Amino acid sequence: MEEGFYWVLYAGEKLVAYYSQEETRHHETGELVNGVWHFAGTSGWIAMKEEASVLDGPLQPPA
């Protein structure tokens, strides 16, 4: 998946999130994983790639 902004479904909510292909440590298993969602309008919420479902995107900037 390419980096960028997407509409995603996370915990039953439709949110805009930025996907980055960065490596991070999974908070429950401790293993290194690739791909993190950064949620727009939140104070640092993140989720692993598999925790959110893409609804639309990547979003294009307005003309």
Side-chain angles (χ1 to χ4, degrees):
M1 178 179 318
E2 72 180 81
E3 292 192 359
F5 286 95
Y6 292 79
W7 276 104
V8 298
L9 182 62
Y10 176 74
E13 291 188 56
K14 295 176 185 174
L15 304 166
V16 173
Y18 183 81
Y19 177 76
S20 65
Q21 189 61 38
E22 62 188 83
E23 185 175 76
T24 190
R25 199 162 295 279
H26 193 282
H27 62 281
E28 291 178 350
T29 65
E31 69 182 282
L32 289 175
V33 295
N34 286 316
V36 177
W37 292 105
H38 301 267
F39 297 104
T42 65
S43 297
W45 286 10
I46 64 167
M48 302 298 125
K49 181 167 81 173
E50 66 277 354
E51 294 177 323
S53 301
V54 174
L55 300 173
D56 192 24
L59 303 178
Q60 299 301 315

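Quick caveat, the model's predicted, so the values are computed rather than measured.
If you chain together ILVMFWY residues whose side-chain heavy atoms come under 4.5 Å of each other, Met48 ends up grouped with Val33.
Contact record, Tyr19 with Glu2: CD2-O, 3.7 Å, taken as the closest heavy-atom pair. In plain terms, the two heavy atoms of Glu3 and Tyr18 that are nearest each other are OE1-OH, 3.4 Å. Between His38 and Ser20, the shortest heavy-atom contact is NE2-OG, 3.3 Å.
To the nearest 0.5 angstrom, Leu15 atom CG is 7.0 Å from Trp45 atom CH2. A distance of 4.0 Å separates CG of Leu32 from CZ of Arg25, quoted to the nearest 0.5 Å. With rounding to the nearest 0.5 angstrom, the CD atom of Glu22 is 9.5 Å from the CG atom of Asn34. Rounded to the nearest 0.5 angstrom, Trp37 CH2 and Met1 CE are separated by 4.5 Å.
Between Trp7 and Leu59, some side-chain heavy-atom pair lies under the 4.5 Å cut-off.
Transitive grouping of hydrophobic side chains (ILVMFWY, heavy atoms separated by less than 4.5 Å) keeps Val8 and Ile46 in distinct clusters. Leu9 and Tyr6 fall into different hydrophobic clusters, defined by Ile, Leu, Val, Met, Phe, Trp and Tyr side-chain heavy atoms under 4.5 Å apart, directly or through other members.
With sequence neighbours left out, His26 forms a side-chain hydrogen bond (donor to acceptor under 3.5 Å, both in side chains) with no residue at all. For Thr24, there are no side-chain hydrogen bond (donor to acceptor under 3.5 Å, both in side chains) partners, not counting sequence neighbours.
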